[in-house]
Amino acid sequence: MSGTIPPAQPPPPSDPRRPWVHPLSLWLWRHNPLRRSTDRLQGWIALALLLLAPFLGLIAMFTIGDAAYRHYVTTAADQRKTRHLTTAVLTHDAPRHPEPGSAEAKKTRYPATVRFTDPQGTIRTAQTDVLPGLTEDSRVEVWVDMEGALTEPPMTAEQIRSRAMGWALLAFLAVALAGVAAYGTAAHVLNRRNMAEWESKWAETAPRWTTSP
């Protein structure tokens with residue numbers, strides 16, 4: 001019986017029990033007969049991203065944080081010019097809290113209708129949140145914009161810092177995620193290249209294999 005030539009086979013699937021190799025493992029650089037050129041390239045990519053990502057992240061964090069801080073400072077200044085604190089009067093009693101005098105009652109606010117005069121001298125009514133238990137004709141302070149609508153008070157310095165820090169943190173995380181995505185993409189491309197090279201080598205080697213008659 002003549003020998004048969006086994007058909008070319010794709011590379012075997014990776015063993016799930018095989019220990020994970022860290023992208024920065026020295027195995028990727030040291031001389032090893034099993035090391036491929038793509039392994040070394042993958043290691044250098046990982047090292048470059050590890051060094052660049054924190055540096056670029058800090059630059060992005062300070063740049064975006066500073067821009068956000070300047071934006072909110074300008075916004076707060078505009079708010080102080082266009083928003084005014086005025087006194088409003090309740091048109092009816094506010095709901096009472098089930099536990100008057102408790103810590104929760106001091107933090108709770110209930111919607112109530114109030115009457116106030118806008119910057120143009122027009123008497124208006126609107127709803128705002130007030131402390132529980134306030135009676136009709138009680139006076140509360142509200143912020144009014146130039147059009148006579150109730151609005152939030154201008155941003156405080158603490159709010160400005162908090163929002164700017166939030167944007168700075170998001171910028172740093174965005175750079176970090178971009179670095180992870182870049183490494184994942186590079187590893188995927190190199191892995192596909194390895195698989196293609198494996199199939200090519202196998203196709204060259206398989207015809208030389210024969211079984212004994």
Side-chain angles (χ1 to χ4, degrees), residues 48-186 188:
L49 290 175
L50 183 66
L51 296 177
L52 283 176
F55 176 71
L56 296 178
L58 289 175
I59 293 179
M61 183 176 69
F62 285 109
T63 301
I64 299 300
D66 182 67
Y69 180 80
R70 293 175 182 273
H71 167 74
Y72 287 124
V73 166
T74 302
T75 300
D78 292 337
Q79 290 176 346
R80 287 191 293 270
K81 294 178 181 178
T82 58
R83 299 182 182 184
H84 305 280
L85 187 64
T86 187
T87 301
V89 178
L90 270 68
T91 61
H92 59 79
D93 295 346
R96 293 185 177 274
H97 193 273
E99 300 178 3
S102 64
E104 183 181 355
K106 295 178 181 178
K107 298 178 181 179
T108 303
R109 297 293 183 271
Y110 289 108
T113 302
V114 295
R115 182 174 60 254
F116 62 95
T117 302
D118 67 15
Q120 287 74 35
T122 303
I123 298 178
R124 295 173 176 265
T125 58
Q127 272 201 344
T128 188
D129 293 334
V130 300
L131 288 169
L134 290 181
T135 59
E136 182 180 356
D137 292 333
S138 295
R139 295 177 179 273
V140 294
E141 291 185 334
V142 293
W143 286 91
V144 184
D145 61 20
M146 297 300 293
E147 297 178 356
L150 296 186
T151 185
E152 296 292 329
M155 285 187 293
T156 63
E158 182 178 355
Q159 289 174 322
I160 292 173
R161 287 193 298 269
S162 177
R163 296 184 183 187
M165 290 177 62
W167 279 105
L169 180 59
L170 285 176
F172 184 86
L173 292 177
V175 173
L177 291 176
V180 173
Y183 175 77
T185 301
H188 177 72

Neighbour count >12 (heavy atoms, 6.0 Å) for atom [atom1], [X]:
X: W167; atom1: CH2; answer: no
X: Q127; atom1: CD; answer: yes
X: I123; atom1: CD1; answer: no

Are any side-chain N or O atoms of [X] and backbone N or O atoms of [Y], one a donor and one an acceptor, separated by less than 3.5 Å?
X: Q79; Y: M155; answer: yes
X: T75; Y: H71; answer: yes
X: T82; Y: D78; answer: yes
X: R83; Y: E152; answer: yes

Report yes if some heavy atom in the side chain of Y110 is under 4.5 Å from a heavy atom in the side chain of H97; otherwise report no. yes
Provide the closest heavy-atom pair for [X] versus [Y] in the form atom of the first, atom of the second, distance.
X: T125; Y: F116; value: C-CE2, 4.3 Å
X: L49; Y: P54; value: O-CD, 4.1 Å
X: A60; Y: A171; value: O-CB, 3.7 Å
X: V114; Y: T91; value: C-CG2, 4.2 Å
X: T135; Y: S138; value: O-OG, 2.7 Å
X: M146; Y: Q120; value: O-NE2, 3.2 Å

Could you measure the distance from the [atom1] atom of [X] to the [atom2] atom of [Y]? Nearest 0.5 Å is fine.
X: L170; Y: M61; atom1: CG; atom2: CE; value: 12.0 Å
X: I64; Y: L169; atom1: CD1; atom2: CG; value: 12.5 Å
X: E158; Y: R163; atom1: CD; atom2: CZ; value: 11.5 Å

So Y72 and R161, side chain to side chain contact (heavy atoms under 4.5 Å, CB included) or not? Walk me through it. CA-CA 9 Å; Y72 287 124; R161 287 193 298 269; over 6 Å; no
May I have the step-by-step check of side chain to side chain contact (heavy atoms under 4.5 Å, CB included) for R109 and L131, ending in yes or no? CA-CA 5 Å; R109 297 293 183 271; L131 288 169; 2.9 Å; yes
Walk me through it: do L90 and V140 pass the test side chain to side chain contact (heavy atoms under 4.5 Å, CB included)? CA-CA 8 Å; L90 270 68; V140 294; 3.8 Å; yes
